[in-house]
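Okay, so here's the structure we're looking at.
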Amino acid sequence: MIKDIYRILTREFEDLNSDWWPADSAFERVVGAILVQQTRWESVEKVLAVLKKRGLLTPKAMSSVSLEELEELVRPVGFYRQKARYLKGVASYFSANPEKATFSLPADRLRREMLSLDGIGKETADAILLYAADKPKFVVDAYATRMLGCLGVKGGYEQIQEKFGRALGEDLHAYKRYHAFIVEHGKRYCNRKKCGECAVARYMAGENV
DNA sequence: CTCCAGGAGTGTA
DNA sequence: TACACTCATGGA
């Protein structure tokens with residue numbers, strides 16, 4: 001079923017290429033992963049542009065800026081006080097441990113390291129693993145949970161993640177594209193108004209799509 | 001006006 | 001383990 005959905009979404013988003021999550025550095029992706037929590041990406045882009053213009057998209061610079069200034073800069077993304085605090089903590093971590101910034105640790109250990117940081121939960125940790133460290137880990141976001149729930153599949157984070165993991169194996173590119181597909185698909189269809197009006201729902205209804 | 005977005009931390013049972 | 005609550009701006 002997971003692979004069938006992947007095939008359907010691949011056809012739905014033929015034009016979606018690999019720069020779905022644009023960034024000049026891995027650290028910029030880490031910052032973006034935190035800023036985008038419960039927030040629209042359009043707001044994150046504006047903040048990232050300002051941070052970049054000020055030269056703050058490096059661990060050293062971001063860990064050095066004052067908390068008050070960082071709060072004002074990230075305010076447009078919402079939850080700005082905690083996110084500013086999270087960013088400073090993460091920046092300090094990478095600044096104090098430059099060797100960690102290469103993400104050369106094994107995936108499972110890197111995941112534990114990320115989860116130990118304040119502000120990085122399961123989804124953000126996996127987003128960092130996949131898009132910053134190039135590890136084949138599936139990112140289970142609200143859309144993925146919603147979509148499977150709509151199809152009658154329920155389960156916790158790891159349970160859902162394993163379903164995708166068994167279907168995708170070690171195909172890093174597939175993990176990246178699949179998550180992007182689900183997000184874009186979810187924005188269109190996985191809401192109260194349009195739930196069920198998509199090709200995935202038609203597939204589950206038994207139609208040939 | 002209401003609703004909610006690519007979550008996470010904390011407290012309670 | 002399983003929820004409820006809180007954090008917050010900005011766009012539709």
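Computed from a prediction, not measured in an experiment: that's the story for all the values here. In what follows, chains carry the letters A, B, and so on, assigned in the order in which the sequence lines appear, proteins first and then strands, with residues in each chain numbered from 1.
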*Starting at atom CG of A:L35, determine the distance to atom C1' of B:dA5, rounded to an integer number of angstrom.*
14 Å

*Sort and list the pairs that fulfil ring-ring contact (aromatic ring centres under 6.0 Å, His included) and have at least one residue in residues 112-141 of chain A, not counting sequence neighbours.*
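Residue pairs with at least one partner in residues 112-141 of chain A: A:W20-A:Y131, A:W21-A:Y131, A:Y131-A:H179, A:F138-A:F164, A:F138-A:Y178.
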
*Along DNA chain C, first and last positions that approach a heavy atom of chain A under 4.0 Å*: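 Using the under 4.0 Å cut-off, the span is C:dC7 to C:dG11.
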
*Have A:T39 and A:K83 got a donor and an acceptor in their side chains that come within less than 3.5 Å?*
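A:K83 and A:T39 do have a side-chain donor-acceptor pair below 3.5 Å.
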
*Please confirm whether the backbone N or O of A:L130 pairs with a side-chain atom of A:K135, one donor and one acceptor, at under 3.5 Å?*
no

*Between the side chain of A:Y189 and the main-chain N/O of A:A201, is any donor-acceptor distance below 3.5 Å?*
no

*For atom NZ of A:K187, is the number of surrounding heavy atoms from other residues, nucleotides or ligands below 6.0 Å larger than 12?*
yes

*Heavy atoms from other residues, nucleotides or ligands near CD of A:E170 exceed 12 (cutoff 6.0 Å)*: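 Open.
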
*Give each stem of DNA chain B as a range with a range, requiring at least 3 consecutive Watson-Crick or G-U wobble pairs whose two distances are under 3.5 Å.*
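So far as stems of 3 or more pairs are concerned, DNA chain B shows B:2-5 with C:9-12, B:7-13 with C:1-7.
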
*Quick one: on DNA chain B, does A:Q37 or A:R192 contact a more 5' nucleotide (nearest heavy atom)?*
A:R192

_Nearest-nucleotide comparison on DNA chain B, the residue closer to the 5′ end among A:K187 and A:I120_ = A:K187

*Near DNA chain C, under 4.0 Å by heavy atom, which residues of residues 71-91 of chain A?*
A:R75, A:P76, A:G78, A:F79, A:Y80, A:R81, A:Q82

*Please list, by residue number, the residues of residues 40-47 of chain A whose heavy atoms come closer than 4.0 Å to an atom of DNA chain C; answer none if no residue qualifies.*
A:R40, A:K46

*Answer yes or no: does a side-chain N or O of A:Q38 lie under 4.0 Å from OP1 or OP2 of B:dG7?*
yes

*Listed by chain and number, what are the side chain to side chain contact (heavy atoms under 4.5 Å, CB included) partners of A:E158, not counting sequence neighbours?*
A:R111, A:K122

*Linked, directly or transitively: A:L151 and A:L168 (ILVMFWY side chains, under 4.5 Å)*: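 Yes, it is one cluster - the side chains of A:L151 and A:L168 are joined through contacts under 4.5 Å.
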
*With ring centroids as reference points, do A:H185 and A:F181 lie under 6.0 angstrom apart?*
no

*Could you give me the CA-CA distance, side-chain angles and deciding distance for A:E113 and A:Y93, then say whether side-chain hydrogen bond (donor to acceptor under 3.5 Å, both in side chains) is met?*
CA-CA 10 Å; A:E113 293 254 351; A:Y93 167 82; 2.5 Å; yes

*asked:* Rounding to an integer number of angstrom, what distance separates B:dA8 and C:dG10 when you compare their P atoms?
replied: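 Roughly 22 Å separates the two P atoms.
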
*Point-to-point distance, once rounded to the nearest 0.5 Å, from CG of A:L105 to CG of A:D108*: 9.5 Å

